[in-house]
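Please read the structure below before turning to the comments.
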Amino acid sequence: MRLKVTPQSIPEVLLIEPKRFGDARGFFSEVWKRSALKGQGFDVEFVQDNHSLSREVGVLRGLHFQRPPSAQGKLVRVVRGRILDVAVDIRLGSPTYGQHVACELSAENWQQLWVPRGFAHGFLTLEPDTEVLYKVDAEYDAAADGGIAWDDPALGINWSLPAGGPVLSDKDRVAPRLAEIAPPFPEGSV
Ligand SMILES: Cc1cn([C@H]2C[C@H](O)[C@@H](COP(=O)(O)OP(=O)(O)O[C@H]3O[C@H](C)C(=O)[C@H](O)[C@H]3O)O2)c(=O)[nH]c1=O
């Protein structure tokens, strides 16, 4: 098997573990195969690839989403360094609404997280010079871009922050709490 897929505590969120074929030259790995998600009921067609570099430990990007009809599913992986990757269920009416999955993804463990539409996504870097690559199934739409506070007490995310606190963008520093925004994903919207 080249791709192991494990549903998480919120079963729509999947941990994906591609196999690495190592040899004296290095390794080869199929890091994405459409049939792997299709087998889990997600027939995804990615339309954009993203790549971010975060220089310091403690960079926290999130919690972000795009509102319908520009909602994005994301397949996240780390090619250098390590992150705590977090997906928060913000689908109104979901039995796991407001709950989250947190997984450590790294170049070493080679694991990926599938974050479906209807989830807010964010990560904290655990090593310097961390590079995150992620495919999305809807293009960037700045007008649909939304965010919720990384430290929203209602979400109860244990980020394991560094002593100096997170390094945030101006946008993330002032994001509202989930209860303060109009529900971004009404029932049936994703
Ligand atoms: C997301 C995105 C951003 N941009 C531009 C907009 C800004 O001028 C610049 C930085 O954007 P931002 O500060 O939103 O980047 P991040 O904080 O890494 O945002 C991402 O962080 C979390 C982890 C996510 O899951 C989202 O994919 C995304 O929101 O890139 C684009 O041109 N295209 C894009 O798809």
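Residue indices begin at 1 and follow the sequence shown.
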Pair R55, D129 - check salt bridge (charged side-chain N to carboxylate O under 4.0 Å, His left out), show working. CA-CA 4 Å; R55 291 280 183 212; D129 293 326; 3.3 Å; yes
Determine, step by step, whether D137 and F46 satisfy the side chain to side chain contact (heavy atoms under 4.5 Å, CB included) criterion, reporting the C-alpha distance in whole Å, the side-chain angles of both residues, the deciding distance to 0.1 Å, and the verdict. CA-CA 4 Å; D137 65 355; F46 292 114; 4.2 Å; yes
What's the verdict on side chain to side chain contact (heavy atoms under 4.5 Å, CB included) for D85 and H121, showing C-alpha distance, side-chain angles and the deciding distance? CA-CA 8 Å; D85 205 39; H121 175 242; 2.6 Å; yes
Is there a side chain to side chain contact (heavy atoms under 4.5 Å, CB included) between R80 and L53 once you walk through the steps? CA-CA 9 Å; R80 182 167 61 155; L53 163 67; 3.8 Å; yes
Do F28 and D23 pass the side chain to side chain contact (heavy atoms under 4.5 Å, CB included) test, and can you show the C-alpha distance, the side-chain angles, and the key distance before you say yes or no? CA-CA 9 Å; F28 176 89; D23 62 26; over 6 Å; no
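Applying the side-chain hydrogen bond (donor to acceptor under 3.5 Å, both in side chains) criterion to E17, with sequence neighbours excluded, gives Q111.
Distance alone, capped at 3.5 Å, places no donor-acceptor pair between the T125 side chain and the I83 backbone. Of the possible polar contacts, none joining the D141 side chain to the S70 backbone as a donor-acceptor pair under 3.5 Å is found. Side chain of R117 to backbone of S189: no donor-acceptor contact under 3.5 angstrom is found. S54 places no side-chain N or O within 3.5 Å of a backbone atom of E56 that could act as its donor or acceptor partner. Using a distance-only test at 3.5 Å, with no hydrogens or angles considered, no donor-acceptor pair links the side chain of Q99 to the main chain of V88. Without hydrogens or angle criteria, D170 side chain to R173 main chain gives no donor-acceptor distance under 3.5 Å.
Distance check, rounded to the nearest 0.5 Å: NE2 of H51 to CG of L133 gives 5.0 Å. Taking CZ of F119 as the reference point, atom NE2 of H100 lies at 12.0 Å (rounded to 0.5 Å). The structure places NZ of K19 at 13.0 Å from CZ of F27, a figure rounded to the nearest 0.5 Å. Expressed to the nearest 0.5 Å, how far CG of L124 lies from CH2 of W159 amounts to 6.5 Å.
Seen from the ring of F123, R61 does not count as a face-on cation partner, given the 6.0 Å and 45° thresholds. A cation-pi arrangement is absent between K38 and F42 under the rule of less than 6.0 angstrom and at most 45 degrees off the ring axis.
You'll find the side chain of W114 reaches within 4.5 Å of the side chain of L75, heavy atoms only. Side-chain contact check for Q112 versus V31: some heavy-atom pair is nearer than 4.5 Å. Between L14 and L113, the closest side-chain pair of non-hydrogen atoms is not below 4.5 Å. For the pair D172 and H64, the minimum side-chain heavy-atom distance is below 4.5 Å. Side-chain atoms of P166 and W150, non-hydrogen and from C-beta on, do get closer than 4.5 Å to each other. I148 places a side-chain heavy atom less than 4.5 Å from the side chain of I90. The shortest distance between side-chain heavy atoms of P153 and R177 falls below 4.5 Å. Taking the side chain as every heavy atom from C-beta outward, L161 and L60 approach each other to under 4.5 Å.
L105 and V101 end up in the same hydrophobic cluster when Ile, Leu, Val, Met, Phe, Trp and Tyr side chains are linked at under 4.5 Å. Hydrophobic clustering (ILVMFWY, side-chain heavy atoms < 4.5 Å, transitive): V115 and V47 are in distinct clusters. No continuous path of ILVMFWY side-chain contacts below 4.5 Å connects L126 to L15, so the two sit in separate hydrophobic clusters. Grouping the Ile, Leu, Val, Met, Phe, Trp and Tyr side chains by contacts below 4.5 angstrom, directly or via other members, places L168 apart from V57. Taken together through direct or relayed side-chain contacts under 4.5 Å among Ile, Leu, Val, Met, Phe, Trp and Tyr, I10 and V86 form parts of separate hydrophobic clusters.
Taking each heavy atom of E45 and R34 in turn, the nearest pair found is OE1-NH2, 4.1 Å. In this structure, V44 and W32 approach most closely via the heavy-atom pair O-CZ2, 4.2 Å. Nearest heavy-atom pair across A138 and A71 is CB-O, 3.3 Å. In this structure, L63 and A120 approach most closely via the heavy-atom pair CB-CB, 4.0 Å. When all heavy atoms of T130 and G81 are compared, the pair lying nearest together is OG1-CA, 3.4 Å. The shortest non-hydrogen separation linking A149 to L155 is O-CD1, 4.1 Å.
Remark: R67 does not engage D145 in a salt bridge, criterion side-chain N to carboxylate O under 4.0 Å. A salt bridge is defined here as a Lys NZ or Arg NE, NH1 or NH2 lying under 4.0 Å from an Asp or Glu carboxylate O, and E30 with K33 meets this definition. Using a 4.0 Å cut-off between charged nitrogen and carboxylate oxygen, E104 and R82 count as a salt-bridge pair. Under 4.0 Å is where a charged nitrogen must lie from a carboxylate oxygen, and between E187 and R91 no such pair does.
Residue E139 qualifies as open at atom CD: its count of foreign heavy atoms under 6.0 Å is 12 or below.
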